[in-house]
Amino acid sequence: EVQLLESGGGLAQPGGSLRLSCAASGFSISAYGMSWVRQAPGKGLEWVSGISGSGDSTYYADSVKGRFTISRDNSKNTLYLQMNSLRADDTGVYYCARRYTYSTSWHPDAFNIWGQGTMVTVSS
Amino acid sequence: DIVMTQSPDSLAVSLGERATINCKSSQSVLWRSNNKNYLAWYQQKPGQPPKLLIYWASTRESGVPDRFNGSGSDTDFTLTISSLQAEDVAVYFCQQYFSSPPFFGQGTKLEIK
């Protein structure tokens with residue numbers, strides 16, 4: 001079964017850091033561009049970051065550029081999101097998501113596989 | 001950025017009746033070289049991740065009931081649930097994937113009247 005499982009969320013202070021992980025099973029993440037999408041409490045969905053299958057190309061929303069870093073370890077079949085200089089408006093559920101198209105490149109796409117999400121709370 | 005705007009924000013429909021959700025993009029999401037609209041629809045139930053329902057504006061994802069239909073082109077799109085079932089209570093989002101960043105609509109909350 002194709003699955004994504006996020007971990008690493010929790011409480012962080014403003015200005016602090018967290019590292020999220022997303023372990024994939026049932027498929028190889030090296031074959032797909034992958035993304036992180038977040039959802040503030042009671043709000044809509046916001047794409048945060050994307051990465052190619054090789055990890056050579058990375059993309060960020062303006063709201064997180066310079067603060068967040070996406071990476072992947074294909075040998076562990078795991079995607080990561082390093083979040084630094086956290087702010088209160090970074091609070092929300094963070095989902096990893098796989099693009100619909102079978103392609104190692106990253107390009108805007110529909111997302112057909114989603115993890116259950118991990119909650120990040122930024123508060124003092 | 002191509003911004004997506006949904007209407008209405010919330011909707012209450014009787015069981016068995018038709019539900020219609022609209023989505024408008026700030027620019028065209030139609031790629032004329034392949035005549036495809038880069039538009040997807042998702043369903044999100046409380047405590048769950050989004051579920052892909054429709055892609056290319058009108059192609060149903062595998063396993064999605066045929067009461068869910070997507071239509072529209074260019075900048076105006078519609079998700080129609082032909083006969084509302086109790087399990088369709090959810091928030092529905094549209095998303096453009098024509099250009100980066102991929103952008104979601106604000107969501108439409110669908111309830112039973």
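Below, chains carry the letters A, B, ... as their sequence lines are ordered, and counting in each starts from 1. The structure presented is a predicted model; accordingly, all values stated were derived computationally and were not measured.
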Practice task
Quick one: sort the Phe68(A) and Tyr94(A) rings into parallel, tilted or perpendicular, breaks at 30° and 60°.
Solution key: tilted
Handout entry: Proximity breakdown for Val93(A) and chain B, heavy-atom pairs closer than 4.5 Å
Key = neither
Handout entry: Same apolar cluster (I L V M F W Y, side chains within < 4.5 Å links), Val48(A)/Tyr97(B)
Key = no
Fill in the blank from the handout: So, the part of Gln96(B) with a heavy atom under 4.5 Å from chain A: the answer is neither
Completion exercise
Partner of Phe98(B) under ring pair (Phe, Tyr, Trp, His ring centres under 6.0 Å), picked from Trp31(B), Trp56(B), Phe103(B), is Trp31(B)
Exercise for the section: Check whether Tyr42(B) gets within reach of chain A through its side chain, its backbone, both or neither, counting any heavy atom under 4.5 Å. Expected result: side chain
Exercise for the section: Salt-bridge test for Glu87(B) and Arg67(B): reply yes if a basic N is under 4.0 Å from a carboxylate O, no otherwise. Expected result: yes
Exercise for the section: Specify the closest pair of heavy atoms between Glu61(B) and Leu52(B), including all atoms of both residues, with the distance to one decimal. Expected result: CB-O, 3.6 Å
Fill in the blank from the handout: Cut-off 4.5 Å, heavy atoms of chain B, and the answer for Ala110(A) is both
Fill in the blank from the handout: When the 4.5 angstrom heavy-atom criterion is applied to Phe111(A) and chain B, the contacting part is both
Completion exercise
Bottom line for Tyr100(A): the part with an atom under 4.5 Å from chain B's heavy atoms is side chain
